[in-house]
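A short worksheet on the structure shown next.
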There are 2 protein chains.
Amino acid sequence: MNTVCKTHSPTLKESLRERKLKATPARLEILDILSHTKKPLSINDISVKIKGQTDLATLYRTFDTLRDLGLVTQIDFRHGHAHYELATNEHHHHLVCEKCGKVVDISKCNTTDIEKQVLKIGNFSSIKHHSLEFYGLCKACDKGSR
Amino acid sequence: MNTVCKTHSPTLKESLRERKLKATPARLEILDILSHTKKPLSINDISVKIKGQTDLATLYRTFDTLRDLGLVTQIDFRHGHAHYELATNEHHHHLVCEKCGKVVDISKCNTTDIEKQVLKIGNFSSIKHHSLEFYGLCKACDKGSR
DNA sequence: ATCTAGATGCGAATTATTTGCATCTACTAA
DNA sequence: TTAGTAGATGCAAATAATTCGCATCTAGAT
C-alpha cells in the first residue's frame, strides 16, 4: 500500500538540488501520486489519497514549489479550488461544463505557434505553461435546461 | 459622475427579458463599467469603482448571471480571485508573470478551429467561452531571479 | 395602481489559501 | 559517521474569496 519510495526520475532530485530544495517524503509522494493519475487532482484529493498524513499547509507549499520548479501545472476549472497535474503528462486541454462541472480531456495541443508569437509580443523572458479551458454545456445539462 | 443610465445595447435588455431577468441598475452599471474598461476587473475593482454602493454578494450573484447569459467572461490569472471582462470585447488572451503577476494582453484568437474539434470530441452541446492564459516570467522578474 | 417573481442588502457561514512560529530533518562538510 | 544548518513541516490562527438564508425591496406585467 505504501508506494512512497519508488525509484524517482533523476531529473526530479537534480531539479531540487539545483535550487537547494530537499527531496522530502512529502514531495516524492505527491509526485508519485500524480504520476499514477490521469486526472488533475485538487489539494483535497491529494490529502485524501495520503489519508491526511500531510498537513494542508504543507501541501499548498509543496505545490507552490513544484509549480515554480515547473514539475507541476495548475489548472482552474472554476470549481472554487485549484487542480494540479504533472507537467510531464502529455500536454492537453479541458472542456468544462458550466453547469455540472464535468471535465473532459482534450488531447493534443496546437498552441506552439501561438506561444512563440506570444513570447515576442508580450516581451517576456520565457513561457513555462499555458492553460486552455473551454466552457460550455454538456449534453446532459443542455437537456435539463430546456 | 453618475453614469448609470446611458443608452444600453438593445441586445442586453432582450437577453435579460428572454430569461425573465430584470434590467436592474446594478446590472446596467456593471456592464457600463466593463464597457469602459479594457482590462479585466475583479469583484473588488468593481466594488471600488461604484464606491461600495452595491453589496459584494450582489456583485457575485450579478456576475454569475451575466456569465450564464454569456455577456461576461471569467478569467483566472492565479491572483487568488476571479477577473471578468465583457464577452463582446474583441476576444484575446493573456500572458501572466508567475512572479509579479503582471498581465499582458495578447490580441487575436486562433482557436476557432480547435474549438470545433473540441466540441465533437468532448460530446458537448455547446461551447460558450474558452480561456487561454500563458504563464511565464516577465523580463524584469527574470533578471531579479538570477 | 397593484401584484409578484426576481433582485438586493445584511449578516453570518463556508471554503480555500496563507502565515507565524516552534520543531524537525535532509543534506553538507568535516 | 556525525554534527550543524538551511530548508521543511505541523499546528493553530489569520486572511481572503465566495456563498447562503432570509427579510425587504423593486422592475415589469396586468
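In what follows, chains are A, B, ... by sequence order, proteins preceding strands, each numbered from 1.
Atoms CZ (B:Phe77) and P (D:dA17) sit 16 Å apart, rounded to a whole Å. Remark: C1' of C:dT25 and CG of A:Leu28 are 14 Å apart, rounded to the nearest angstrom. Between A:Asp64 atom CG and C:dT19 atom C1' the separation is 12 Å, expressed in whole Å. The CD atom of B:Gln53 sits 12 Å away from the P atom of C:dC10 (whole-angstrom rounding). In this entry the distance linking CG of A:Leu16 with P of C:dA26 reads 13 Å, nearest Å. Per the geometry, CG belonging to B:Asp68 stands 15 Å off C1' belonging to C:dG6, to the nearest Å. If you measure from atom CG of A:Asp55 to atom P of C:dC21, you get 17 Å, rounded to the nearest angstrom. A:Asp76 has its CG atom 13 Å from the P atom of C:dA16, to the nearest Å.
Among C:dT17, C:dA26, D:dT18, the nucleotide with an atom closest to any side-chain atom of A:Pro25 is C:dA26. Checked against C:dG6, D:dG10, D:dG7, the side chain of A:Lys22 finds its nearest nucleotide in D:dG7. Taking every side-chain heavy atom of A:Tyr60 into account, C:dA16 is the closest of D:dA8, D:dT18, C:dA16. Ranking C:dT17, D:dA17, D:dA8 by closeness to the A:Leu21 side chain, first place goes to D:dA8. For B:Thr58, counting side-chain heavy atoms from C-beta on, the closest listed nucleotide (D:dT9, C:dT8, D:dA17) is C:dT8.
Side chain to side chain, A:Ser42 and A:Asp45 meet the donor-acceptor criterion of an N or O pair below 3.5 Å.
No hydrogens or angles were tested; on distance alone, a donor-acceptor pair under 3.5 Å links the side chain of A:Arg61 to the base of D:dG10.
Each of B:Leu59 and A:Ala23 was assigned the nucleotide of DNA chain C with the nearest heavy atom; the assignment lying further toward the 5' end belongs to B:Leu59. Heavy-atom distances to DNA chain C give each of A:Arg17 and B:Lys20 a nearest nucleotide, and the one nearer the 5′ end belongs to B:Lys20.
Taking 4.5 Å as the limit, every side-chain heavy atom of A:Glu133 sits out of range of all side-chain heavy atoms of B:His129.
In this model, the phosphate group of C:dG6 is not approached by any side-chain N or O of B:Thr24 to a distance below 4.0 Å at OP1 or OP2.
Note on B:Ala57: a base of the nucleic acid sits closer than 4.0 angstrom, heavy atoms only.
Taking the six-membered ring where the residue is Trp, B:His94 and B:Phe77 present perpendicular rings, their angle passing 60° and hence far from 30°.
Relative to the six-membered ring of A:Tyr135, A:Arg78 meets both conditions, a distance below 6.0 Å and an angle of at most 45° to the axis.
When atom types are taken as modelled, the side chain of B:Thr58 and the backbone of B:Thr54 share no donor-acceptor pair closer than 3.5 angstrom.
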